[in-house]
Novice: 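Mind looking over this structure? Questions follow.
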Amino acid sequence: MATAKPPAGRRRSLAWTPARAGVYAFLIVAALFFLLPLYVMLVTSVKPMEEIRLGTLFALPVKLTLEPWVQAWQSACTGLECEGIRGGFWNSVAIVVPSTILSIAIGAVNGYALSFWRPRGAGVLFAILMMGAFIPVQVMVYPLVRVLAAVDLFSSLPGIVLIHTIFGMPVMTLLFRNYYAALPMELFKAARIDGGGFWRIFLQLMLPMSTPVIVVAVIMQVTGIWNDFLLGLVFAGSEHLPMTVQLNNIINTTTGERLYNVNMAATILTSVVPLALYFISGRWFVRGIASGAVKG
Amino acid sequence: MTAALVKKRQSVSVAAYIALIPMALTVLLAYLGTMLWTARVSVSSSRTFPNSDFVGASQYIRLFNNERWLLSLQNVAVYGLLFIAACLIIGFLLAVFIDQKVMAEGALRTIFLYPYAMSFVATGLIWQWILNPELGIQEVLRKLGFTEAKFDWIVDQDMAIYTIVIATVWQASGLVMALMLSGLRGIDEELWKAARIDGIPRWRVYVSIVLPMLGPSVSTAFVLLFVMVVKVFDSVVAMTQGGPGTASEVPAKFIMDYLFGRANIGLASAASIVLLATVLAIVAPLYYVRTRRADKGI
């Protein structure tokens, strides 16, 4: 794991040598490059427009203002409506919560059935499901629009939740399958002898043991679904547009002067949830990436 | 085995089948079904609505006579090569440097990886702002006295695609760093001792011994990055909207435009199938090698 401490004695010396200085120089320059956009975004979002017009991108604000944040939240225009990005925020919440729960529930049951019960034909299904992770979304988008329209789910909240569940299934299934495959088979056999059925063993034995993998799954799904743009754009419908889509609309609305400070505040607001999750979860996030190697 | 137990086993395995119904439906309808449907439409004359006639390869011929499509392929090839190469090199370097037992390792890792937590749209918008020639880096350089400074790639037809490389490399190279770092930490301590005794310079050990040993991390990173290349859409929409003109057009955006904007689903379906074939041609062999290795326990 990336967070593991390197074993002692690996390095030649830790004395201050030119090579050592070079290592730090490289890392500091790299860190500055990675932090620069965050810095620019933050300072821009608290500057009044007069200061931005001067073209002093990197300068600290002379006159600090929180007005852009207020505007971004409640009065910036996304297309014709000028109610800020708060609607998008709640839409994203309404999409992320059920999508995450549903896709994890299905992924966990799939992984459990595949690892312990192995019904005939399940292996083939799983292989095709894994291939599904690599199918470009564009191949599936239009037929899915037609199917959802036919069952009256297109442009609805249940529709977009279903879509996220379908697209999340390969990675979630893989994640849980790998986790359950590492558990001892004896455990399962003992539960069988004690008379446990499919659901009982799942709910009373496997699920309580699954906390670590569920944490990873939640991080992956919340981040992935919150950051989604394309699926929300196509399937959510104007009533439920997620925050990412509304953000893009705010910034690319062409009427009047571009309010860069408001735009940057809106961008930060849109990134707050995944960033917070990243900073709080740390190593779990990295674990999620490593196990999501197949994510499409 | 008693009759009761046999009966029990049969009844529970029914539950297992029922539990897999959502997966079966997803595989059959959402994956296989849509693929077949799209393949079918790609050989019909469908425009706004799907037709069921058969016109052979004519959509594919039209597609490859479409300049915008050819441009989008050229763009994604240039983009993909630069993006994957830059992410792998930067990610590897960051991992190697962080692996030198430096101070504040945790903080550095956090800094390099945080862009990956953000959406492509947000990332694209930030860079659009920084690269904007009137107020961004170009203007800052001019204010500093370099009055002739020019950095207007984002509005330059020939350079716009490179700005998307910059933004997405910034976003994704931390991911490569994280994968490589966990690979580096998995390398046996003995290797370093042996190399030190033999007096081999460290950089030599990294290039000739460690890098080949990181094979699995590199291939994981490659697959993830490759999938991002095929999917590149959000960042283009956010940064350049495919412009100026159609200069930064990419296949994913071309297909979405023809599906929903220009109502030419036959052509868009043909383009999707081309994209799918490309992905399978590159990912399938890699995946096959990996599963075979896994089976052999390598």
Side-chain angles (χ1 to χ4, degrees), chain A residues 1-2 4 6-7 10-12 14 23 26-27 30-31 34-35 37 40-41 52 55 57-58 106 109-110 113 117 119 122 125 128-129 132 134-136 138-144 166 169 197-199 223 227 229-230 244 247-248 251 260 264 267 270-271 274-275 278 286 289-290 293 296, chain B residues 12-13 15-17 19-20 22-24 26-27 30-32 34-35 37-38 94 97 100-102 108 111-112 114 117-122 125-126 129-130 135-136 139-140 143 175 178-179 181-182 185 189 192 196 220 223-224 227 230 233-234 237-238 252 255 259 265 272 275-276 279 283:
Chain A
M1 207 66 266
R10 177 181 213 160
R11 264 89 218 171
R12 224 168 357 198
L14 293 176
V23 167
F26 176 87
L27 286 171
F34 277 83
L35 283 173
V40 169
M41 198 163 54
I52 291 170
L57 188 69
F58 302 112
I106 292 182
V109 171
N110 284 351
W117 296 87
L125 272 184
I128 306 176
L129 188 73
F134 295 107
I135 303 176
Q138 284 75 14
V139 177
M140 308 193 245
V141 153
Y142 195 79
L144 286 175
I166 287 173
M169 206 181 294
F198 183 90
W199 293 109
T223 323
N227 285 341
F229 175 75
L230 193 145
T244 46
L247 170 69
N248 190 55
I251 291 182
Y260 293 103
M264 285 303 114
T267 310
T270 307
S271 310
L275 280 179
Y278 168 64
V286 179
I289 300 169
Chain B
V12 246
S13 58
Y17 282 107
L20 288 179
M23 175 164 129
T26 300
V27 166
Y31 296 163
L32 292 179
T34 56
M35 261 163 67
W37 194 93
T38 300
L94 290 176
F97 277 78
Q100 308 303 315
K101 246 187 182 171
V102 292
L108 286 167
I111 291 171
F112 296 144
Y114 86 90
M118 293 166 46
S119 66
F120 281 108
V121 179
L125 295 171
I126 299 163
W129 163 228
I130 295 177
L135 298 162
E139 188 59 26
V140 171
K143 286 265 151 58
L175 160 77
L179 292 170
L181 196 57
S182 67
R185 295 285 151 89
E189 190 55 27
W192 290 106
R196 201 181 313 155
T220 299
V223 169
L224 283 169
V227 171
V230 175
F233 172 82
D234 312 10
V237 170
I255 296 170
L259 275 182
I265 56 175
S272 310
L275 207 56
L276 175 65
V279 172
V283 174

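The analysis underlying the following values was restricted to heavy atoms, covering all of them including side chains, and did not include hydrogens, waters or symmetry mates. Quick caveat: nothing in here was measured; it's all calculated off a predicted structure.
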Novice: Kindly write out the residues that satisfy side-chain contact (heavy atoms from CB on, under 4.5 Å) with A:Val23, not counting sequence neighbours, or none if the list is empty.
Specialist: A:Leu27, B:Phe97, B:Gln100, B:Val102

Novice: Taking side chain as everything from C-beta outward and backbone as N, CA, C, O, which of these in B:Leu276 sits under 4.5 Å from a heavy atom of chain A? Side chain, backbone, both or neither.
Specialist: both

Novice: I want to check something: taking the side chain as every heavy atom from C-beta on, are B:Leu94 and A:Phe34 in contact at a cut-off of under 4.5 Å?
Specialist: yes

Novice: Mind listing the closest non-hydrogen atom pair of A:Met140 and B:Ala30 along with its distance?
Specialist: SD-O, 3.4 Å

Novice: If the condition is side-chain contact (heavy atoms from CB on, under 4.5 Å), which residues does A:Leu125 pass it with, not counting sequence neighbours?
Specialist: B:Met23, B:Ala24, B:Val27

Novice: Between B:Tyr114 and chain A, which part of the residue has a heavy atom less than 4.5 Å away: side chain, backbone, both or neither?
Specialist: both

Novice: Heavy-atom pairs under 4.5 Å with chain B: which of A:Leu129, A:Val109, A:Ile128 has the most?
Specialist: A:Leu129

Novice: So what's closer than 4.5 Å to chain A heavy atoms on B:Ile111: side chain, backbone, both or neither?
Specialist: both

Novice: Who wins among A:Thr270, A:Thr223, A:Leu247, A:Ile106 for the most heavy-atom pairs under 4.5 Å with chain B?
Specialist: A:Leu247

Novice: Taking A:Ile166's backbone N and O only, do any of them form a donor-acceptor pair with B:Tyr31's side chain (distance below 3.5 Å, no angle check)?
Specialist: yes

Novice: In terms of heavy-atom proximity below 4.5 Å to chain B, should A:Ala122 be classed as side chain, backbone, both, or neither?
Specialist: both

Novice: A:Ile52 versus B:Leu135: any side-chain heavy-atom pair under 4.5 Å?
Specialist: yes

Novice: What part of A:Phe229 gets closer than 4.5 Å to chain B, counting heavy atoms only: side chain, backbone, both or neither?
Specialist: both

Novice: Chain A: which of B:Ile130, B:Leu108, B:Ile255 shares the most heavy-atom pairs with it under 4.5 Å?
Specialist: B:Ile130

Novice: Below 4.5 Å, heavy-atom pairs only: which of B:Trp129, B:Trp37, B:Phe120 has the largest tally toward chain A?
Specialist: B:Trp129

Novice: Side chain from CB out, backbone as N, CA, C, O: work out which of these in B:Val140 comes under 4.5 Å of a heavy atom of chain A, or both, or neither.
Specialist: both

Novice: Just by modelled atom types, is the B:Met35 backbone N or O under 3.5 Å from a matching donor or acceptor in the B:Thr38 side chain?
Specialist: no

Novice: Quick one, A:Thr244 and B:Asp234 - any side-chain contact, counting heavy atoms below 4.5 Å?
Specialist: no

Novice: Go through B:Val230, B:Leu32, B:Val237 and name the one with the most non-hydrogen pairs under 4.5 angstrom from chain A.
Specialist: B:Val237

